[in-house]
Amino acid sequence: MTRQIRTSPAACDQSLHQAYDTALLDLDGVVYAGGRAIGHAVESLAAARADGMHLAYVTNNALRTPEAVAGHLGELGIPTEAAEVITSAQAVARLIAEQVEPGSKVLVIGGEGLRVALRERGLLPVESADEEGLAAVVQGYGGPDLAWGRFAEAAYAINRGVPWYASNTDLTIPGARGIAPGNGAAVEVVRIATGADPQVAGKPLPPMHRETVLRTGAKRPLVVGDRLDTDIEGAYNGEVDSLLVLTGVTDAEQLLRAEPRHRPTYVDRDLRGLLSGQPEVVPAAEGFRCGRWTAVALNSGELELREADEGDEAGEAGDGGIGADLDPLDGLRALCAAAWTSAGEDACTLDAAKALARLGL
């Protein structure tokens with residue numbers, strides 16, 4: 001069956017935390033960055049939970065154990081049980097356990113999160129490629145202090161024919177000081193040295209979605225993330241709705257250029273979006289309108305943004321600026337509809353620089 005292509009962000013009359021039973025929240029770039037809570041995250045999650053929404057934290061970061069992640073969230077003011085944290089380390093450990101004998105030795109290239117997850121599945125983490133009877137190599141994010149020699153250790157084993165698994169392939173990871181290399185960058189180092197390809201468990205692939213469903217029991221989940229190629233694509237693959245927040249690695253221009261599998265159901269600034277409904281984007285005479293913004297795909301190859309009441313005295317913003325009652329996010333939603341409709345099954349190539357500059361995005 002052919003899946004319908006999303007050409008516009010969706011509307012929701014209810015607050016999202018009331019429309020969905022469980023929020024499947026990414027961590028880095030959504031709840032925190034560089035270990036510090038992102039603005040409005042703590043109070044928004046507390047309000048959603050208090051009103052009955054279940055919260056689960058789903059991360060491709062395999063470095064820390066669920067207990068450590070839950071402890072960190074608690075320190076930030078977000079009370080969390082370890083069972084509410086699902087990591088790519090758990091997903092890849094299950095994937096390996098389904099393909100090797102119980103008690104098998106697995107070479108670990110990464111942090112404690114991988115070791116604990118492997119033991120949970122009855123596997124034996126080891127540190128050397130020279131271990132006799134080595135059944136697998138698993139690679140996950142090891143943090144900025146992971147020694148370069150660990151990549152060599154992986155390459156030695158993989159070049160001898162040992163199967164290779166990766167928790168995830170995120171090329172970057174957001175931190176307090178900016179964007180840093182993620183596990184995907186480290187996987188590329190080993191790929192270059194071996195010519196091999198790993199089996200990958202993390203978002204956006206099915207093993208991670210399966211792990212999440214098994215551990216949460218969610219009936220109507222909402223995936224909340226900051227990355228198009230992991231969080232949003234993972235929701236697309238799992239056929240569930242998604243909310244993109246603009247607090248992490250994805251910016252407005254990347255969102256407009258998203259191909260169908262990377263187009264979120266909803267988009268908002270931050271986690272306050274959980275506590276509100278989502279406005280409707282409707283066809284206008286020449287384009288698409290959301291709130292008081294209208295976006296148009298021009299034949300000149302540009303996306304143009306107009307005030308919906310432009311020309312009326314009440315709609316004048318002056319010097320192309322934003323009027324006091326104009327929401328830039330509504331403008332972005334209208335632009336998404338114009339861009340995605342124009343692109344269809346492809347990525348939009350229209351120039352959005354002037355439109356985004358008008359929104360301050």
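Keep in mind that this is a model prediction, so the values were computed, not measured.
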Within-4.5 Å side-chain heavy-atom neighbours: Leu73 and Tyr32: yes
Reported CG-to-CD distance for the pair Leu95 and Gln90, which is rounded to 0.5 angstrom: 13.5 Å
Hey, are the side chains of Ile5 and Glu345 touching, using non-hydrogen atoms and a 4.5 Å cut-off? yes
Can a donor-acceptor pair be found, under 3.5 Å and without considering hydrogens, that links the side chain of Thr22 to the backbone of Ala218? no
Reported CG-to-CG distance for the pair Leu114 and Leu123, which is rounded to 0.5 angstrom: 11.5 Å
Among the clusters formed by ILVMFWY side chains lying less than 4.5 Å apart, do Ile96 and Val200 turn up in the same one? no
Measure across Ala135 and Ser104 and return the closest heavy-atom pair with its distance rounded to 0.1 Å. CB-CB, 3.6 Å
Heavy-atom count around Arg177 CZ within 6.0 Å, excluding the residue itself: above 12? no
Determine whether more than 12 heavy atoms belonging to other residues, nucleotides or ligands lie under 6.0 Å from atom CG of Asp197. yes
Shortest non-hydrogen contact from Ala89 to Ala62? CB-CB, 3.8 Å
So, His262 versus Arg257: side-chain donor-acceptor pair below 3.5 Å or not? no
Applying the 4.5 Å side-chain criterion to the ILVMFWY set and letting contacts propagate, would Val223 and Ile86 be lumped into a single cluster? yes
Which heavy atom of Arg263 sits nearest to which heavy atom of Ala258, and what is that distance? NE-O, 2.9 Å
What's the verdict on side-chain contact (heavy atoms from CB on, under 4.5 Å) for Leu244 and Leu255, showing C-alpha distance, side-chain angles and the deciding distance? CA-CA 9 Å; Leu244 178 79; Leu255 176 61; 3.8 Å; yes
May I have the step-by-step check of side-chain hydrogen bond (donor to acceptor under 3.5 Å, both in side chains) for Arg227 and Thr172, ending in yes or no? CA-CA 10 Å; Arg227 301 185 71 106; Thr172 60; 3.2 Å; yes
Side chains of Val31 and Val42 in contact at under 4.5 Å (non-hydrogen atoms): no
Check: Ala186 main-chain N/O paired with Gln139 side-chain donor or acceptor under 3.5 Å: yes
Are the side chain of Asp28 and the backbone N or O of Ile173 linked by a donor-acceptor pair below 3.5 Å? no
May I ask you to decide whether Arg306 forms a salt bridge with Glu286, counting only side-chain N to carboxylate O separations under 4.0 Å? yes
Keeping the roles fixed (side chain from Glu153, backbone from Ala129), state whether a donor-acceptor pair exists under 3.5 Å. yes
Connected hydrophobic set around Val190, excluding itself, where side chains approach under 4.5 Å: Leu107, Ile109, Leu124, Val126, Leu134, Val137, Leu146, Trp148, Phe151, Ile158, Val162, Trp164, Val187, Val189
Show your reasoning for whether side-chain contact (heavy atoms from CB on, under 4.5 Å) applies to Leu329 and Leu359. CA-CA 8 Å; Leu329 260 292; Leu359 295 175; over 6 Å; no
Any donor-acceptor pair under 3.5 Å from Lys105 side chain to Glu131 backbone: no
Keeping Ser8 on the side-chain end and Ala337 on the backbone end, is there a donor-acceptor pair under 3.5 Å? no
Check this for me: does any side-chain nitrogen of one of Arg49 and Glu84 sit under 4.0 Å from a carboxylate oxygen of the other? yes
With side chains defined as the heavy atoms from C-beta onward, is the minimum distance between Leu55 and Leu45 less than 4.5 Å? yes
Do the charged groups of Asp330 and Arg292 touch, with an N to O distance under 4.0 Å? no
Is there a side-chain contact between Leu222 and Leu16 in this structure, where contact means two heavy atoms from C-beta onward sitting under 4.5 Å apart? yes
Main-chain N/O of Gly202 paired to Ser88 side chain as donor or acceptor, under 3.5 Å: no
Is a salt bridge present between Glu233 and Lys203, judged by a nitrogen-to-oxygen distance below 4.0 Å? no
Tell me whether Tyr57 shares a hydrophobic cluster with Leu243, the cluster being built from Ile, Leu, Val, Met, Phe, Trp, Tyr side chains joined at under 4.5 Å. yes
Taking atom types as modelled, is there a side-chain donor on Asp170 or Asn183 under 3.5 Å from an acceptor on the other? no
When you check the gap from the basic side-chain N to the acidic O, do Arg210 and Glu98 get nearer than 4.0 Å? yes
Pair Arg115, Glu127 - check salt bridge (charged side-chain N to carboxylate O under 4.0 Å, His left out), show working. CA-CA 10 Å; Arg115 295 178 181 87; Glu127 303 301 316; 3.1 Å; yes
How far apart are the C-alpha atoms of Arg215 and Glu120, what are their side-chain angles, what is the distance that settles it, and do they pass the salt bridge (charged side-chain N to carboxylate O under 4.0 Å, His left out) test? CA-CA 14 Å; Arg215 290 181 181 267; Glu120 185 183 68; 2.9 Å; yes
Please check: side-chain N/O of Asp226 versus main-chain N/O of Val249, any donor-acceptor pairing under 3.5 Å? yes
Taking atom NE2 of His54 as the centre, report whether more than 12 heavy atoms of other residues, nucleotides or ligands fall under 6.0 Å from it. no
Quick one, Ser15 with Leu274, criterion side-chain contact (heavy atoms from CB on, under 4.5 Å). Give me CA distance, side-chain angles, the key distance, then yes/no. CA-CA 7 Å; Ser15 294; Leu274 282 176; over 6 Å; no
Are Trp340 and Pro9 packed together at the side-chain level, in the sense that at least one heavy-atom pair is separated by less than 4.5 angstrom? yes
For the residue pair Asp270 and His40, what are the closest heavy atoms and their distance? OD2-CD2, 3.5 Å
N/O donor-acceptor pair under 3.5 Å between Trp293 side chain and Ala334 backbone: no
Note, Tyr165 side chain near Gln99 side chain (heavy atom, < 4.5 Å): yes
I'd like a table of donor-acceptor pairs (distance under 3.5 Å, sequence neighbours excluded) in which one partner is a side-chain atom from residues 276-283, with atom names and distances.
unit_1, atom_1, unit_2, atom_2, d
Gln278, OE1, Arg333, NH2, 3.4
Gln278, NE2, Asp268, OD2, 3.0

Around atom CD of Glu253, are there more than 12 heavy atoms from other residues, nucleotides or ligands closer than 6.0 Å? no
Could you tell me which non-hydrogen atom of Thr247 sits nearest to which non-hydrogen atom of Arg269, and how far apart they are? CG2-O, 3.3 Å
Does Leu205 belong to the same Ile/Leu/Val/Met/Phe/Trp/Tyr cluster as Leu24, with side-chain heavy atoms less than 4.5 Å apart forming each link? no
Between Val69 and Asn61, is any pair of side-chain heavy atoms under 4.5 Å apart? no
Counting distance only, does the side-chain N/O of Arg261 pair as donor-acceptor with the main-chain N or O of Tyr236 below 3.5 Å? no
Would you please name every residue forming a side-chain hydrogen bond (donor to acceptor under 3.5 Å, both in side chains) with Ser342, sequence neighbours left out? none
Please identify each residue that fulfils side-chain hydrogen bond (donor to acceptor under 3.5 Å, both in side chains) with Glu81, with sequence neighbours left out. none
same_hphob_cluster(Val224, Ile78) at 4.5 Å side-chain heavy-atom cutoff: yes
Between Tyr20 and Asp241, is any side-chain donor less than 3.5 angstrom from a side-chain acceptor? yes
Please enumerate all residues that pass side-chain hydrogen bond (donor to acceptor under 3.5 Å, both in side chains) together with Arg160, with sequence neighbours excluded. Asp130
Exercise: identify the closest heavy-atom pair between Arg64 and Thr87: O-CG2, 4.3 Å
Can you list, by chain and residue number, the hydrophobic cluster partners of Ile38 when the side-chain cut-off is 4.5 Å? none
